[in-house]
Amino acid sequence: MRAARLALALLFVAYSWCSTARAASLVVNPVRLYLSNEKKSDSIAVRNDKAEEQRLYVSAYAWRESEEGQMQLTPTTDLVFYPSMLSLKPGETRKIRVASSRATAAVEATYRIFVEELPPEGVNSDGAIRVLTRFGIPIFLRDDRTKSAPQIAVQQKGHSLEVTLENAGAAHFIAKTVDLVAKAADGSTVFQAELKGWYVLAHSRRVYRFDIPDSACGKIDQVFVTASTDVKMARAALPLHGAACSP
């Protein structure tokens with residue numbers, strides 16, 4: 001099977017750290033599912049908050065993340081779900097049943113179920129652009145004993161600092177933020193920055209790059225990086241001792 005990169009043009013992909021995800025017209029609950037050998041199935045509730053009927057299409061993919069944080073999706077038959085298409089009247093809630101067709105393995109398997117709004121039947125847009133709602137719900141298949149292991153490292157690469165957040169464990173974790181603080185020899189802060197994190201899946205890594213301001217080149221004595229995750233804090237330091245920035 002070829003890896004599928006799904007086009008997101010004219011679609012709004014909604015993600016949330018909360019238990020419920022809401023777009024302008026569609027509410028999905030929960031926003032992630034956990035399946036195991038003991039719990040092979042679960043359901044996703046979808047509610048139509050529009051004043052008109054909604055048609056929805058459901059699809060499933062195996063899911064990985066690139067080092068740059070790009071979603072990589074591959075068609076899969078590991079998940080069985082029903083229904084694959086549904087219509088919701090205004091205010092109506094229906095459930096999508098999701099089950100695993102395979103057993104758990106030593107490494108957590110990760111998938112996404114997409115719930116996508118379809119254009120109303122028989123509606124002529126007259127060339128107008130209609131933005132449709134699309135949710136991607138993470139599905140994790142694992143043994144409850146499977147653990148994640150956040151590790152972080154930082155190195156200088158020319159005019160930037162490269163932070164690698166790695167997961168040495170067999171289950172995912174969520175990186176909330178990645179913070180960098182560069183200090184001078186006297187302990188003063190030369191510059192600092194923060195980037196938002198995301199999922200780091202089992203045995204994978206995420207790379208973040210921080211550009212060093214011209215005003216800070218040659219002044220940095222030490223760099224400190226911290227990743228705040230839903231598992232633990234991961235920290236690392238890099239001594240630079242005033243190293244200059246190469247082009």
Side-chain angles (χ1 to χ4, degrees), residues 1-6 13 15-19 21 28-44 58-82 84 96-115 135-155 162-178 195-208 225-236:
M1 288 186 292
R2 294 184 305 171
R5 294 183 180 273
L6 298 188
V13 182
Y15 302 107
S16 172
W17 304 117
C18 306
S19 60
V28 176
N29 179 40
V31 294
R32 59 183 69 88
L33 292 182
Y34 295 89
L35 302 178
S36 65
N37 290 338
E38 293 72 32
K39 184 184 179 183
K40 284 189 170 293
S41 67
D42 205 340
S43 60
I44 301 165
V58 185
S59 55
Y61 295 86
W63 162 46
R64 297 298 295 171
E65 294 275 327
S66 72
E67 291 187 355
E68 293 75 30
Q70 296 170 331
M71 194 180 300
Q72 299 173 327
L73 303 170
T74 307
T76 183
T77 57
D78 289 353
L79 296 181
V80 179
F81 54 92
Y82 180 83
S84 59
I96 301 167
R97 197 70 182 171
V98 182
S100 169
S101 62
R102 55 164 286 189
T104 60
V107 178
E108 176 185 69
T110 49
Y111 309 91
R112 278 189 180 265
I113 287 279
F114 285 89
V115 180
F135 283 92
I137 299 99
I139 313 287
F140 301 101
L141 176 63
R142 73 183 190 199
D143 187 290
D144 289 340
R145 295 167 294 182
T146 307
K147 303 297 180 183
S148 58
Q151 299 176 355
I152 196 168
V154 57
Q155 60 180 323
E162 184 177 277
V163 176
T164 301
L165 182 57
E166 187 166 3
N167 186 356
H172 78 281
F173 65 83
I174 298 174
K176 299 173 183 177
T177 59
V178 177
L195 292 176
K196 296 297 182 184
W198 189 234
Y199 288 96
V200 183
L201 304 182
H203 299 323
S204 67
R205 64 178 64 185
R206 176 71 192 274
V207 176
Y208 301 87
V225 290
T226 303
S228 175
T229 81
D230 62 340
V231 180
K232 68 175 185 178
M233 303 287 282
R235 295 184 173 90

- Query: For the atom pair CG (Leu141) and CG (Leu35), what is the distance rounded to the nearest 0.5 Å?
  - Reply: 6.0 Å
- Message: Test side chain to side chain contact (heavy atoms under 4.5 Å, CB included) on Phe81 and Ile44; report intermediate values, then the result.
- Response: CA-CA 10 Å; Phe81 54 92; Ile44 301 165; over 6 Å; no
- Query: Minimum heavy-atom separation for Ala106 to Ala170, with atom names?
  - Reply: O-CB, 3.4 Å
- Task: Give the ring-plane orientation class for Phe140 versus His172, where under 30° counts as parallel, over 60° as perpendicular and anything between as tilted.
- Result: parallel
- Query: So which heavy atom on Asn37 is nearest to which on Ala103, and how close?
  - Reply: OD1-CA, 3.5 Å
- Item | Side-chain donor or acceptor of Thr110 paired with backbone N/O of Trp63 under 3.5 Å | yes
- Side chain of Asn167, backbone of Ala149: donor and acceptor closer than 3.5 Å? yes
- Query: Is Ile113 close to Val58 at the side-chain level, that is, under 4.5 Å between some pair of heavy atoms?
  - Reply: yes
- Item | Separation between OG1 of Thr226 and CG of Leu165, rounded to the nearest 0.5 Å | 11.0 Å
- So how far is it from Ser100 OG to Ile139 CD1, rounded to the nearest 0.5 Å? 10.0 Å
- Message: I need the Ser228 OG to Met233 CE distance, nearest 0.5 Å.
- Response: 5.0 Å
- Query: Residues in salt bridge (charged side-chain N to carboxylate O under 4.0 Å, His left out) with Glu166, at least two apart?
  - Reply: Arg205
- Item | Separation of Lys40 NZ from Thr104 OG1 (nearest 0.5 Å) | 7.0 Å
- Closest non-hydrogen atom pair between Ala175 and Tyr208, with its separation: CB-OH, 4.4 Å
- Query: Does any non-hydrogen side-chain atom of Arg64 lie less than 4.5 Å from one of Ser204?
  - Reply: yes
- From Arg206 atom CZ to Thr164 atom OG1, the distance as rounded to the nearest 0.5 Å: 11.0 Å
- Note on the structure: For Pro150 and Thr229, the nearest pair of non-hydrogen atoms, with its separation, is CG-OG1, 4.0 Å
- What residue among Leu195, Val207, Val178 forms side-chain contact (heavy atoms from CB on, under 4.5 Å) with Val163? Val178
- Query: Should Glu65 and Gln72 be marked as a side chain to side chain contact (heavy atoms under 4.5 Å, CB included) after you check the CA-CA gap, both sets of side-chain angles, and the distance that decides it?
  - Reply: CA-CA 6 Å; Glu65 294 275 327; Gln72 299 173 327; over 6 Å; no
- Task: Taking the side chain as every heavy atom from C-beta outward, state whether Ile174 and Arg32 have any pair of such atoms under 4.5 Å apart.
- Result: yes
- Item | Heavy-atom neighbours of Tyr82 OH exceed 12 at 6.0 Å | no
- Message: If you compare all heavy atoms of Gln151 against all heavy atoms of Ala168, which two are closest, and at what distance to 0.1 Å?
- Response: NE2-CB, 3.6 Å
- Query: With distance as the sole test, does Ser101 use its side chain to make a donor-acceptor pair with the main-chain N or O of Asp78 at under 3.5 Å?
  - Reply: yes
- Please report the shortest heavy-atom distance between Tyr61 and Pro75, naming the atom on each side. CD2-N, 3.6 Å
- Query: Taking side chain as C-beta onward, heavy atoms only, is Tyr111 less than 4.5 Å from Pro138?
  - Reply: no
